[in-house]
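What you are looking at is a predicted structure, and each value in this text was computed from that prediction instead of being measured. In what follows, every heavy atom counts, from backbone to side chain, and hydrogens, waters and symmetry copies are set aside.
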Amino acid sequence: MVLADGGVVCIDEFDKMRPQDRVAIHEAMEQQTISIAKAGITTILNSRTSVLAAANPVFGRYDDLKHAAEQIDFQSSILSRFDCIFIVRDLREESSDKAIANHVVNLHTYSKNIAEDYNSEISLEELRKYITYAKMKVFPRLSEEAGQMLQDLYVNDRKVSKEQKINKKGTGIPITVRQLEAIIRLSEAIARIHL
């Protein structure tokens with residue numbers, strides 16, 4: 001994470017990590033630093049990174065009949081540090097299976113990169129320039145009205161979470177100030193991409 005300072009860390013098989021290693025990520029995700037104490041030397045290194053992690057469901061396959069919280073084997077303390085959690089299901093549909101198989105076979109059949117032949121509305125170079133411009137020139141801040149909307153959303157989510165806990169139907173992920181901060185970051189990111 002220190003080597004990826006200013007970039008993105010991608011972690012596959014996040015569920016297979018040793019629990020003590022997963023706990024070590026807490027500080028990096030919360031304070032964006034890593035404390036090291038070796039050979040009598042203590043220091044703090046920057047780890048200002050975004051973390052993209054992938055994990056498998058507890059039983060290897062997602063079960064639609066069970067709640068998502070039952071299929072994610074992580075402590076709420078680590079889950080609450082992620083801004084977004086996406087569940088990707090492997091649906092068995094013949095049309096999408098054929099499209100995926102066709103794409104994979106074409107990658108290995110043709111030496112030329114398929115992505116180069118794809119005619120998109122905007123070129124990769126233009127997209128890079130747009131993102132660079134947005135990062136360097138656009139710094140959105142919440143308006144009073146937007147701040148009030150997000151505040152109301154947070155209070156309502158906490159209320160629903162409390163009711164679910166009382167009824168023992170909770171999602172397993174507590175709603176904390178971290179979720180409010182995540183929503184603010186996502187809102188600012190959306191405003192930035194719209195310039």
Closest approach of Tyr154 to Thr176 (non-hydrogen atoms, all atoms of both residues): CE1-O, 3.3 Å

Check against side-chain hydrogen bond (donor to acceptor under 3.5 Å, both in side chains), Thr33 and Glu27: CA-CA 7 Å; Thr33 58; Glu27 178 192 354; 3.3 Å; yes

Stepwise side chain to side chain contact (heavy atoms under 4.5 Å, CB included) test for Leu153 and Ile183: CA-CA 10 Å; Leu153 176 72; Ile183 292 169; 3.8 Å; yes

Smallest separation among heavy atoms of Ser96 and Leu91, with atom names: OG-O, 4.5 Å

Minimal non-hydrogen separation, Gln179 against Ser80, with atom names: NE2-O, 3.3 Å

All salt bridge (charged side-chain N to carboxylate O under 4.0 Å, His left out) counterparts of Lys98, not counting sequence neighbours: Glu94

Set of side-chain hydrogen bond (donor to acceptor under 3.5 Å, both in side chains) partners for Arg158, sequence neighbours left out: none

Close side-chain approach of Met17 and Ile25, heavy atoms under 4.5 Å: yes

Distance in Å, Asn102 CG paired with Asp97 CG, rounded so as to fall on 0.5 Å steps: 12.5 Å

Residues clustered with Phe86, ILVMFWY side-chain links under 4.5 angstrom: none

Nearest heavy-atom neighbours spanning Thr42 and Ala37: CG2-CB, 3.6 Å

Stepwise side chain to side chain contact (heavy atoms under 4.5 Å, CB included) test for Ile34 and Ile44: CA-CA 6 Å; Ile34 292 183; Ile44 295 174; over 6 Å; no

Flag side-chain contact, heavy atom, 4.5 Å: His103 against Leu107: yes

Non-neighbouring partners of Gln148 that pass side-chain hydrogen bond (donor to acceptor under 3.5 Å, both in side chains), sequence neighbours left out: Asp152

Qualifying salt bridge (charged side-chain N to carboxylate O under 4.0 Å, His left out) pairs, either residue in residues 28-43, two or more places apart: Glu30-Arg81, Glu30-Arg178

Flag side-chain contact, heavy atom, 4.5 Å: Leu45 against Ile36: yes

Same cluster (ILVMFWY, side-chain, under 4.5 Å), Ile190 and Leu195: no

Test item: Gln151 and Leu180 side chains (from C-beta on) under 4.5 Å apart, heavy atoms: no

Same cluster (ILVMFWY, side-chain, under 4.5 Å), Ile131 and Met136: no

Any Leu79 side-chain heavy atom under 4.5 Å of Ile85 side chain: yes

List the atom pairs, with distances to 0.1 Å, where a side-chain N or O of residues 137-146 and a protein N or O form a donor-acceptor pair under 3.5 Å, not counting sequence neighbours.
from   : atom 1 : to     : atom 2 : distance (Å)
Arg141 : NH1    : Glu188 : OE2    : 3.1
Ser143 : OG     : Ala146 : N      : 3.1

Side chains of Cys84 and Leu186 in contact at under 4.5 Å (non-hydrogen atoms): yes

Nearest non-hydrogen partners of Ile78 and His26, listed with the distance: CD1-CD2, 3.3 Å

Members sharing Ile87's hydrophobic cluster (side chains within less than 4.5 Å): Tyr62

Non-hydrogen side-chain atoms of Val2 and Asn46 separated by less than 4.5 Å: no

Close side-chain approach of Val8 and Thr49, heavy atoms under 4.5 Å: no

With Arg185 via salt bridge (charged side-chain N to carboxylate O under 4.0 Å, His left out) - residues at least two apart: Asp83

Side chain Tyr130, main chain Ile193, donor-acceptor under 3.5 Å: yes

Which residues share a ring-ring contact (aromatic ring centres under 6.0 Å, His included) with Phe82, sequence neighbours left out: Phe14

With Asp5 via side-chain hydrogen bond (donor to acceptor under 3.5 Å, both in side chains) - residues at least two apart: Arg48

Leu3 CG: over 12 foreign heavy atoms closer than 6.0 Å: no

Residue pairs involving residues 174-195 (criterion ring pair (Phe, Tyr, Trp, His ring centres under 6.0 Å); sequence neighbours excluded): none

Test salt bridge (charged side-chain N to carboxylate O under 4.0 Å, His left out) applied to Glu13 - qualifying residues, sequence neighbours left out: Lys16

